[in-house]
Structures are given as C-alpha cells and as structure tokens.
Amino acid sequence: MIGLARLSAPRGTADIMPQEARRWQELERVARQVFEAYGYGEVRTPIFEYTELFQRGIGEATDVVDKEMYTFRDRADRSLTLRPEGTAGVVRAYLEHRLDGAAQPAKLYYLGPMFRYERPQAGRARQFHQLGAECIGTSDPAADVEMIGMLAGLLRRLGLDGFEVRLNSIGCPRCRPAYVARLREAVASVVEQLCPSCRERYHRSPLRLLDCKRESCQRLTAGVPVLLDALCDECHGHFRQVRQHLDDLEIEYRLWPRLVRGLDYYTKTVFELISPDLGAQDALGGGGRYDGLVETLGGPPTPGVGFAAGMERILLALAKSRPQETASGIDAFVAHHGAEGRRAAVRIAARLRDAGLRVEIDYLNRSLRAQMKQADRQRARAVVIVGEDEAAREAARVRDMETGREQEVPESNLLHVLAQGGN
RNA sequence: GUGGGUGUAGCUCAGCUGGUCAGAGCGCCAGGUUGUGGCCCUGGAGGUCGUGGGUUCAAGUCCCAUCACUCACCCCA
C-alpha cells in the first residue's frame with residue numbers, strides 16, 4: 001500500500017462532486033442543443049489512440065506532441081497516447097468510417113476529457129474537458145463563420161457575453177513558406193536579443209515568434225512584415241469572405257494579426273474567444289481551418305474547419321460573471337417516529353418517489369426535531385410526518401415548510417396534496 | 001521544464017522574536033422543546049500542526065529535504 005496514506009486525486013485532476021456536476025450537466029445540455037440546431041451529430045471516439053495519430057496530425061514540432069502527451073505502451077508493446085485534443089481522433093474516425101464517401105460536409109461534435117502533461121494553474125489541468133465540433137468536407141468561408149457563430153452563440157446562451165473574438169488568417173502551404181522566409185530574414189539581426197524560447201521558435205516554428213507575450217520580444221519584432229499582407233490571392237479572398245459573413249451575422253471580432261496557433265494543422269482562418277474573467281489562461285475556445293489534415297492522416301485531399309472550447313474555463317467564467325444560483329430543494333422530507341411510523345414512512349417515501357417527487361427520509365432514527373432540522377437544511381417544500389398515531393390511521397401530517405401550516409392527510413391522498421405544492 | 005506564494009479541526013483562518021499554542025468562527029452531532037425547522041442558549045465529537053530528517057533542555061514556531069496546493073512563465077482549452 002504505497003502512497004495511499006495521502007489519498008488524493010492525481011496532480012492536475014479533480015473530482016466533480018454532485019453540486020458542481022449539476023452545472024456540468026447544464027452546460028452539456030445546452031451545448032448538445034446548440035450543436036444539434038446547427039446540424040451536428042455527436043461522435044464518441046476513444047480516450048486513447050495510437051501515438052502516431054497525434055504525432056502526424058498535430059505535428060512533431062508542437063509543444064503538445066513534444067512534451068505534453070501521456071504516452072504509454074500496452075501489453076503488446078503498442079505505443080498509445082491519451083488524447084491531448086479532439087480533432088485528430090475525429091478525423092481518424094471520419095476516414096475509418098468512410099464518411100469521405102458519404103454526403104459532404106460531415107458535421108460532428110464531441111464532448112469529453114483530454115489529457116496534457118503540464119504544470120496545473122488557474123484554468124489549466126492535466127485532465128480537462130473540451131467540447132468541440134468539426135465540419136469536414138467544405139472549404140466554404142461560411143463554414144468557418146459557422147464555427148465562430150456556433151461557439152459564440154453557445155456562450156451567450158449560457159449567459160456569458162463579455163468575451164472577445166480574435167481573428168486571423170495564417171495562410172496556406174502556398175503562401176506561408178514565403179512569408180516565413182521573410183519573417184526569418186526580418187528577425188535575423190535581433191535573434192540574439194530575443195528571449196530563450198523565442199530563439200528556439202526562430203528555428204522550429206517562426207510563426208510563433210509573433211505572439212510571444214514578452215514586451216521585449218514584441219518590441220524587437222514590431223516592424224516585422226504582417227502575415228495578413230502576405231496572403232496569396234486565394235487565402236486573401238477566403239479571409240475577405242469570412243469577414244463579410246461575420247459582418248452579416250453581426251458578430252463582432254477583432255483582427256489579431258499576431259494570432260497563430262500551437263497546432264501545426266491550421267491553415268487560413270484561425271480564431272480564439274477570450275474571456276476577461278479568467279486570468280492568464282484566458283481562451284475559452286479556439287479553432288480554425290485545417291485543409292491539409294485529412295490528407296496528412298492518409299485520406300483524400302479534404303478541407304475542414306473546427307473548434308474546441310474548454311469546459312472548465314466556460315464554467316469558471318460563468319461562475320465569475322454570474323451570481324451563484326441556489327440549488328433547488330427537495331419536494332418532501334418524510335419524518336417518522338416509532339416503529340410503525342417508520343414502516344409507514346418507508347412505504348410513503350417509496351410511493352412518492354415512484355410518482356416522480358424528490359423525497360428524502362431519515363435513516364438515522366433521529367429525533368423528530370433533528371429530522372425537521374434536516375428537512376429545513378435540504379430546503380424541503382414540505383415535511384410528511386408519520387408517528388404511531390398517524391400510522392394507525394393510515395394517514396400523515398403534512399407540514400408546509402414555508403407557511404408552517406399543517407394538516408392531517410389520508411395516505412391515499414398524500415400524493416395529491418403534495419403535488420399541489422402545499423396545503 | 002522554470003520562478004514566486006502557501007501548507008494548523010470538514011471549511012475559512014489566529015497562533016508575535018522557539019517555552020500551557022493546540023485555538024476561534026462557521027459546519028457537524030446532541031440537549032434546552034416526552035412528536036415539530038429557521039433565531040437563541042448549552043454541551044460534544046473532530047487535528048500525525050503536509051511528510052521525513054536536523055538544531056535545541058524545549059520546534060506549528062528555526063534549518064534542510066521532500067510532497068502537495070496555488071499563481072505566473074511556457075503552451076493552450
């Protein structure tokens with residue numbers, strides 16, 4: 001029995017206890033509703049995949065693949081990895097189930113745990129949860145906007161509205177290499193003055209030089225060519241249409257020329273939704289277009305676009321922007337006294353529950369006074385009291401906890417009285 | 001992986017420069033009310049002072065290590 005003396009959930013994981021779980025259920029319910037409204041169907045893919053899927057899909061040079069994956073070998077020595085994001089698995093399923101041969105585009109959504117080995121902090125955990133959607137098989141700019149609109153709509157529907165939409169285009173394999181070359185050239189003279197991670201980026205993924213948070217780096221790269229000005233005609237046109245659709249839908253956004261993303265598969269449109277209430281990890285969700293991903297994973301050339309949002313972060317932002325709603329109470333508490341009263345109480349509680357009422361009963365044989373206190377704490381609308389006398393008459397006293405009014409009711413009439421919400 | 005902060009009762013926290021410092025409030029349980037909640041009063045249960053070493057006559061209190069939590073960097077959801 002090693003380490004069990006401490007008994008705590010592993011670092012970076014958390015239990016979601018009943019009170020909190022209700023908020024999760026509400027989020028899930030609304031999310032499914034929104035997804036269905038947009039014509040998306042749920043897909044449930046495995047929690048783990050072959051490691052290679054993520055290496056190829058997300059990109060070897062990304063931080064996620066390079067140092068954040070939970071990778072292990074199974075008993076047959078296969079390398080498996082707990083999924084660090086949802087898109088790769090969904091695209092894999094799309095290909096495996098030959099959705100490329102079905103009606104296009106395929107519209108899929110998912111919901112569930114993801115895993116990344118990182119140092120936990122506010123809004124960041126090792127096991128966290130994302131909800132997301134993928135629209136595979138169309139390069140229509142309207143699909144890009146559908147993603148942004150769907151996520152923004154979901155957040156607003158939940159009661160969040162302080163978020164900001166940031167938008168950029170990072171081009172395609174036709175225009176990006178030339179830009180990256182120009183960028184490298186422009187930065188070459190100041191490389192030595194950049195922060196250590198930017199010096200690393202300069203070699204591995206120059207685009208990410210653009211969104212370093214350090215002021216010193218920002219200053220050094222201030223005059224660098226702007227990605228948006230370097231797009232090829234196709235990417236430029238696509239981006240123009242994306243903006244047009246956003247305007248048509250009256251979705252406010254800010255152009256964020258330095259927004260790049262940490263996963264290699266993105267092309268053209270990228271976006272993030274930022275919350276002002278979250279601290280350092282302030283992205284509620286983000287996504288973009290990935291026109292090369294399906295092909296990278298072995299399928300036919302197929303465009304796609306998607307997004308993912310952090311469920312913990314949404315809940316966190318919701319908690320900060322909205323006063324805590326009080327949990328609803330139960331319909332009735334059945335209090336009893338004496339052996340016969342207890343028998344009757346057990347029977348009554350079961351019947352009321354069968355009828356769909358939320359009913360509690362004391363199993364600790366406590367004094368009536370203690371049972372009343374318990375009922376009060378659980379915010380019971382009514383208390384059904386059954387003592388020896390009432391049991392003998394096959395009746396019970398019903399006390400309205402709001403008004404304090406009490407009346408004796410025949411057992412056969414209890415459901416009727418309680419269903420009316422008082423007496 | 002790097003840096004800062006914090007670890008004392010279920011929760012929020014007091015415990016000054018080492019010597020009744022093991023406490024408070026809330027919560028929980030019971031009683032005050034032989035069968036009746038919210039307010040009030042009384043009592044009770046509950047703590048390896050994160051863990052392991054060390055210094056000292058004496059260590060929540062000082063030192064070292066370690067673990068955990070937390071915030072930030074990095075990265076992202």
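By convention in this document, chain letters (A, B, ...) are assigned in the order of the sequence lines, proteins followed by strands, and residues within each chain are numbered from 1. Note that the structure is a prediction, hence the values are computed from the model and not measured.
- Nucleic acid contact class of A:Gly132 (heavy atoms, under 4.0 Å, all strands): none.
- Taking atom CG of residue A:Leu316 and atom P of nucleotide B:rU70, one finds them 12 Å apart after rounding to whole Å.
- Here A:Leu131 lies out of heavy-atom contact (under 4.0 Å) with every strand.
- The pairing partner recorded for B:rA65 is B:rU51, the criterion being a Watson-Crick or G-U wobble arrangement whose two distances lie under 3.5 angstrom.
- A:Ile314 comes within contact range of no nucleotide atom at all, as no heavy-atom separation falls under 4.0 Å.
- Taking atom C1' on both B:rG54 and B:rA45, the two are 36 Å apart, rounded to the nearest angstrom.
- Between B:rG10 and B:rG4, the two P atoms lie 31 Å apart (nearest whole Å).
- Under 3.5 Å, the side chain of A:Glu118 and the base of B:rA77 form at least one donor-acceptor pair of N or O atoms.
- As rounded to whole Å, 13 Å separates atom C1' of B:rG35 from atom CD of A:Glu408.
- Taking atom CZ on A:Arg83 and atom P on B:rA77, their separation rounds to 14 Å, with Å as the unit.
- Comparing the C1' positions of B:rA24 and B:rU66 gives a spacing of 32 Å, expressed to the nearest Å.
- Which of B:rA77, B:rC71, B:rG37 sits closest to the side chain of A:Phe128 comes down to B:rA77.
- Across all strands, A:Ala308 comes closer than 4.0 Å only to sugar-phosphate atoms, never to a base (heavy-atom distances).
- B:rC13 and B:rG37 have their P atoms separated by 34 Å, given to the nearest Å.
- In this structure, A:Glu68 reaches the sugar-phosphate backbone alone: every heavy-atom distance under 4.0 Å involves primed, P, OP1 or OP2 atoms, never a base.
- The nucleotide B:rC57 finds its pairing partner in B:rG19, both defining distances of the Watson-Crick or G-U wobble pair being shorter than 3.5 Å.
- Within 4.0 Å of A:Gly341, counting heavy atoms only, lies no atom of the nucleic acid at all.
- B:rG25 sits 36 Å from B:rC64 when the P atoms are compared, rounded to a whole Å.
- Residue A:Glu390 is classed as a base contact, given a heavy-atom separation below 4.0 Å to a base.
- One atom, NE2 of A:His337, and another, P of B:rU36, lie 9 Å apart when rounded to the nearest Å.
- B:rU12 and B:rG27: their C1' atoms are spaced 11 Å apart (whole Å).
- If you measure from atom CG of A:Asp63 to atom P of B:rA77, you get 12 Å, rounded to the nearest angstrom.
- For the pair A:Arg366 and B:rU36, the criterion of a side-chain N or O lying under 4.0 Å from OP1 or OP2 is not met.
- Comparing B:rG5 with B:rU42, their P atoms sit 43 Å apart, to the nearest whole Å.
- The A:Gln374 side chain lies nearest to B:rC29 when the options are B:rC29, B:rU70, B:rA72.
- Residue A:Arg124 places none of its side-chain N or O atoms closer than 4.0 Å to OP1 or OP2 of B:rC71.
- Annotated as anti: B:rG37, whose O4'-C1'-N torsion sits more than 90° from 0.
- When only modelled atom types and interatomic distance are considered, A:His129 and A:Glu312 share a side-chain donor-acceptor pair under 3.5 Å.
- In this structure, B:rC29 and B:rG43 make a Watson-Crick or G-U wobble pair, each of the two defining distances being under 3.5 angstrom.
- For A:Glu406 and B:rU36, a side-chain-to-base donor-acceptor distance below 3.5 Å is present, hydrogens and geometry of angles not being considered.
- Among the heavy atoms of the strands lying under 4.0 Å from A:Arg377 are primed sugar atoms or P, OP1, OP2 only; no base atom is included.
- Dashed line: the shortest gap from a side-chain N or O of A:Arg119 to OP1 or OP2 of B:rC74 is not under 4.0 Å.
- Figure legend: A:Arg126 and A:Phe115 shown without cation-pi pairing, the cationic atom not lying both under 6.0 angstrom from the six-membered ring centre and within 45 degrees of its axis.
- Of the options A:Val34, A:Val30, A:Asp161, A:Leu284, a side chain to side chain contact (heavy atoms under 4.5 Å, CB included) to A:Leu155 is made by A:Leu284 and by none of the others.
- The gap from the P atom of B:rG43 to that of B:rU48 amounts to 25 Å, rounded to the nearest Å.
- Atoms CZ and CD1, from A:Arg44 and A:Ile47 in turn, are 10.5 Å apart once rounded to the nearest 0.5 Å.
- Mapping A:Ala125 and A:Glu402 onto RNA chain B by nearest heavy atom places A:Glu402 at the nucleotide closer to the 5' end.
- Distances were taken from every side-chain heavy atom of A:Asp389 (C-beta onward) to each of B:rG37, B:rA77, B:rG35; the shortest belongs to B:rG35.
- Between A:Ala309 and A:Gly279, the one whose closest nucleotide on RNA chain B sits nearer the 5' end is A:Gly279.
- Of the nucleotides present, B:rC73 is the one that pairs with B:rG1 by Watson-Crick or G-U wobble criteria, both distances under 3.5 Å.
- Distance CE (A:Met69) to P (B:rG1): 17 Å, rounded to an integer number of Å.
- When every heavy atom of A:Leu108 is checked against every heavy atom of A:Val43, the shortest pair comes out as CB-CG1, 3.8 Å.
- At least one side-chain nitrogen or oxygen of A:Arg369 sits closer than 4.0 Å to the OP1 or OP2 atom of B:rG37.
- One atom, CZ of A:Arg11, and another, C1' of B:rG1, lie 12 Å apart when rounded to the nearest Å.
- Atom CG of A:Asp376 is separated from atom P of B:rU36 by 15 Å (rounded to the nearest Å).
- Identified under the side chain to side chain donor-acceptor pair (under 3.5 Å) test for residues 130-139 of chain A, with sequence neighbours left out: A:Thr87-A:Glu134, A:Glu134-A:Tyr290.
- Separation of atoms CG (A:Leu315) and CD (A:Glu26) is listed at 10.0 Å; rounding is to 0.5 Å.
- Of the side-chain N and O atoms in A:Gln121, one or more sit less than 4.0 angstrom from OP1 or OP2 of B:rA72.
- Between A:Phe72 and A:Phe48, the ring-plane angle classifies as perpendicular under the 30° and 60° cut-offs.
- There is no side-chain donor-acceptor pair under 3.5 Å between A:Arg116 and A:Gln127.
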